[in-house]
Amino acid sequence: MFRVIKSGNLRSFSAAIGFPLKSTFPVDVERRVVIHRHAQPESRRPVHFWVLRAVVAIALRRAVKSPKHPHRRNVARALSAVLVAGVGGAYVYNYEQVPITGRGHSVLVPRSAELEIATNAFANIKRKSAKAVLPSNHPSTKLIEAVGRRIVAQSGLHWLQELPWEFVVIDSPEANAFVFSSGKVVVFTGILPIMHDQDGVATVLSHEIGHVVARHQFERLSIMGLAYPLLFLAEAWTGLPIPDLVLTLAVELPHSRSTEYEADHIGLVLMGRACYDIAKAPLFWERMQAFNANAAQPHEYFSTHPAHENRSAQIRAWLPEAQQEKDAAHCAVVREGFQSMLRRMLTKSPFAISNSPRLASTLIDGSSTHASGLAGSADSGGSPGSTRHRTSAGSPTFVMN
């Protein structure tokens, strides 16, 4: 009844609410950024969006303020009631609960359309960054893939495990990672030193996978689709133009920050289920805070992401819950299976890691003792971002000798 958004007409729907889907899916809708906390620029609204908004507002306003034609006021009330009921009905019809956290939300976009759009967007990213994408047999790529697949395999969510997961590492100094809802994860080499060790890798990847679990990317699109009709009504009945800044500060940014917290929460639970050291998760955000120490940061209220120190504190509050998940897992079996898999993956790599026992030990065992002097982290006496990692001459980007 209300699920009218199919993959064929999703483009027109998104354009009507002000988020046009072009050949490249808007990054601020689909990708989730780990490091960038600044408010992202607003998508350019199409002309017909503003025309529709003006026509609806003027028509309803004239009907509301028409003393000589009371029937017009009744019609305006009826139309307003129908519109509000439609928005409420669409929300209820598409209502679902987020796994792990149990939060209720509504996503108007069906999963089939999600997968189609996200797959196309990921292909676009790979095509544009083809020269910078590390080969699939590179040790850094293998490590990222192995950790990510371990998290997915131990998640306990069958539908998540059935997604066509793919992990890509792009050689770039940008400290960033993001995910597509089709199970495609992109990691930039600039964030690898901040990850520090396998538990740091698991912190980032479980956070990104948490966004997929909660369908955050298209939840945001759905919220805007439900909010704009109500915005039209508010403008018509009050006679006051409501700037988009109000919607941004009152809805978009708070929702974005709440989804980041939820991805942290889900990610921490997934880390526990995959038997990683969950106590190291807040340490990653402390390193991220140190990485950004010299960068100008907006107040959290004007940001899409929470402050790193707040994230670290909140993650510590969730540690007991994640520890219960970890205690219920068969960690000895999980770890042994993972180390065996990673060892096989790395021994098949054409990169000569066998010539560096220290590097091989770090990658396979995930020991922070080995990694602390290699990742360019604050613990090694330097700034987390002081070393720009490149992959020339086939050198791994996760650690530096």
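Below, all heavy atoms of this structure are taken into account, side chains as well, without hydrogens, waters or symmetry copies.
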Check your understanding: Is there a donor-acceptor pair under 3.5 Å between the side chain of N94 and the backbone N or O of A90?
Key -> yes
Review point. So, D327 versus Q323: side-chain donor-acceptor pair below 3.5 Å or not?
Key: yes
Check your understanding: Taking it one step at a time, do E300 and H305 satisfy side-chain hydrogen bond (donor to acceptor under 3.5 Å, both in side chains)?
Key -> CA-CA 7 Å; E300 182 177 280; H305 286 54; over 6 Å; no
Review point. Of all residues at least two apart in sequence or in a different chain, which pass the side-chain contact (heavy atoms from CB on, under 4.5 Å) check with V133?
Key: S129, V168, I170
Point to revise | Test item: S206 side-chain N/O and L268 main-chain N/O as donor-acceptor pair under 3.5 Å | key: no
Point to revise | Check: F218 main-chain N/O paired with S222 side-chain donor or acceptor under 3.5 Å | key: yes
**Study point:** Distance in Å, K280 NZ paired with T203 OG1, rounded so as to fall on 0.5 Å steps
**Key:** 9.5 Å
Exercise for review: If the plane angle is over 60° it's perpendicular, under 30° parallel, otherwise tilted; pick one for W285 and H207.
Suggested key: perpendicular
Check your understanding: Is it true that E166 and K126 have a side-chain N and a carboxylate O under 4.0 angstrom from each other?
Key -> yes
**Study point:** side chain to side chain contact (heavy atoms under 4.5 Å, CB included) assessment of T248 paired with L253
**Key:** CA-CA 6 Å; T248 298; L253 294 182; 3.9 Å; yes
Review point. Can a salt bridge be assigned to the pair D171 and K131 using a cut-off of 4.0 Å between side-chain N and carboxylate O?
Key: no
Point to revise | Verdict with reasoning, L231 to Y228, per side chain to side chain contact (heavy atoms under 4.5 Å, CB included) | key: CA-CA 5 Å; L231 179 66; Y228 268 109; 3.7 Å; yes
Revision key, fill the gap. Salt bridge (charged side-chain N to carboxylate O under 4.0 Å, His left out) filter on E286, not counting sequence neighbours, yields R316
Review point. How would you list, by chain and number, every residue that makes a side chain to side chain donor-acceptor pair (under 3.5 Å) with Q314, sequence neighbours excluded?
Key: none
**Study point:** Non-neighbouring partners of Q324 that pass side-chain contact (heavy atoms from CB on, under 4.5 Å), sequence neighbours left out
**Key:** none
Review point. Quick one: are I144 and L205 in side-chain contact, heavy atoms under 4.5 Å?
Key: yes
Revision key, fill the gap. Residues at least two apart in sequence or cross-chain that pass side-chain contact (heavy atoms from CB on, under 4.5 Å) with L157, listed by chain then number, are P99, S155, W159, L160, V213
Revision key, fill the gap. Output for pair (S182 OG, R111 CZ), nearest 0.5 Å, gives 12.5 Å
Review point. Okay, side chain of S256, backbone of E252: is any donor-acceptor separation there less than 3.5 Å?
Key: no
Check your understanding: Any idea how F178 and F180 line up, ring-wise: parallel (<30°), tilted (30 to 60°), or perpendicular (>60°)?
Key -> perpendicular
Practice item. Ignoring hydrogens and angles, state whether a donor on the side chain of S181 or Q217 is under 3.5 Å from an acceptor on the partner side chain. Key: no
Review point. With no hydrogens and no angle check, is any side-chain donor or acceptor of R215 less than 3.5 Å from a backbone partner on V98?
Key: no
Exercise for review: Give a yes or no on whether the backbone of P164 and the side-chain of K184 come within a donor-acceptor separation of less than 3.5 Å.
Suggested key: yes
Exercise for review: Output, in order, the C-alpha distance, side-chain angles, deciding distance and verdict of side chain to side chain contact (heavy atoms under 4.5 Å, CB included) for I100 and R273.
Suggested key: CA-CA 12 Å; I100 298 177; R273 292 179 180 180; 4.2 Å; yes
Review point. By side-chain contact (heavy atoms from CB on, under 4.5 Å), which residues pair with E219, not counting sequence neighbours?
Key: R103, H105, V107, H216, I223, H255
Review point. With a 4.5 Å heavy-atom cut-off, do D199 and L283 have their side chains touching?
Key: no
Exercise for review: Could you tell me whether a side-chain N or O of N120 sits under 3.5 Å from a main-chain N or O of E116, the two making a donor and an acceptor?
Suggested key: yes
Review point. Just checking, R150 and Y276: is the charged tip under 6.0 Å from the six-membered ring centre and within 45° of the axis?
Key: yes
